[in-house]
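Read through the structure below, which is laid out as structure tokens, and then see the notes.
Ligands are counted one by one from 1 in listed order, and the atoms in each one are counted from 1 as well.
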Amino acid sequence: MIIGSKILFFENLPSTNTQAAILLKSNELTEGTVIFTNYQLAGRGQMGNIWESEYGKNLLISIVLSPSMIIPSDQFYISMTVSLGISDFLKRYIQVCRIKWPNDIYVNNDKIAGLLIENSIMGNHIENTIAGIGLNINQDIFLSDAPNPVSLKLITGMTFELNICLNQLVSDLDKRYKQLIAGKSDQIKEEYISQLFRLNELHNYRDKNGIFSGRINSVNDYGWLQIERENGRIREYSFKDVEFIL
Ligand code: BTN
């Protein structure tokens, strides 16, 4: 086991990602260490957003990896790998979940998990990755202005034992990470694409020129989203350059 070889629990933290970065600086972490907390005082989301999570209700973890076999231009493979691990975990309890590009996990039109991946690059390799995961398990009510949060409890009506979920999630992530380091990155990309939210469906998106309709048909190796317009033209978008209209 790589992911989960060590699990460090903290009652509360500013942010598990921040704590992982502090421990990494003092060389206190081995690859695969998971930092887990009941509550974050300053949980960080993508694009400077905060991550809401009620005390003791959800999984708030950061995993420390040293994916030295991944060159920086392939760093999206790490994101795909972690997204698939979360999806594997959810499929233990629900039939369908999707990955909303680049790495939100959705059930129907609602977000159940978010990922904040922070890579430190040294020359031509990735020195460390901190993969922060917020996965909503038992929360019933969300207070922030996030548009569409949901939890496993809201979907299934059941309450879950967090420690069991943590062990299952860690095991599913470990299997996916081993797939990546075994060189099976083509399989990872193929599965990631097959699980994309709105794959091949006609929907509205917004780019710098306004709203348009199109179909997601793939993601390239750099993680850029490919959307085919109704006129058959395909455009590639990097993160932040296109917005889903939900
Ligand atoms: C998003 O905006 O979708 C990403 C959310 C990531 C939240 C997780 S919770 C554990 C880890 N620590 C943080 O501060 N953020 C990530």
Donor-acceptor side-chain pairing of D74 and Y222 below 3.5 angstrom: no

Which of the ligand 1 atoms, numbered from 1, are nearer than 4.0 Å to a heavy atom of G43: 14 (O)

Pairwise side-chain contact, V64 with E31, heavy-atom cut-off 4.5 Å (strictly under): no

Side chain to side chain, D172 and R92, heavy atoms closer than 4.5 Å: yes

Contact partition for I61 relative to ligand 1, non-hydrogen atoms under 4.0 Å: backbone

Min side-chain heavy-atom separation L84-Q195 under 4.5 Å: yes

Common cluster, L152/I61, ILVMFWY with side-chain heavy-atom separation under 4.5 Å: yes

Part of D104 with heavy atoms under 4.0 Å of ligand 1, whether side chain, backbone, both or neither: side chain

Heavy atom of the protein closest to atom 16 (C) of ligand 1 (residue, atom name, distance): R44 O, 3.7 Å

4.5 Å side-chain heavy-atom contact, I99 and Y192: yes

Heavy atom of the protein closest to atom 10 (C) of ligand 1 (residue, atom name, distance): T16 OG1, 3.2 Å

Residue and atom name of the nearest protein heavy atom (relative to atom 2 (O) of ligand 1), distance in Å to one decimal: Q46 N, 2.7 Å

Close-contact set for ligand 1 against L60 heavy atoms, below 4.0 Å: 9 (S)

F244-Y205 aromatic ring centre distance below 6.0 Å: yes

F239 and W101 aromatic ring geometry - parallel, tilted or perpendicular at 30°/60° bounds: perpendicular

contact_flag K111 ligand 1 heavy-atom lt 4.0 Å: yes

Closest protein heavy atom (residue, atom, distance) for atom 9 (S) of ligand 1: Q40 NE2, 3.4 Å

Any N17 heavy atom less than 4.0 Å to ligand 1: yes

Closest protein heavy atom (residue, atom, distance) for atom 5 (C) of ligand 1: W51 CE3, 3.4 Å

Numbered atoms and elements of ligand 1 in range of G45, under 4.0 angstrom, heavy atoms: 1 (C), 2 (O), 4 (C), 5 (C)

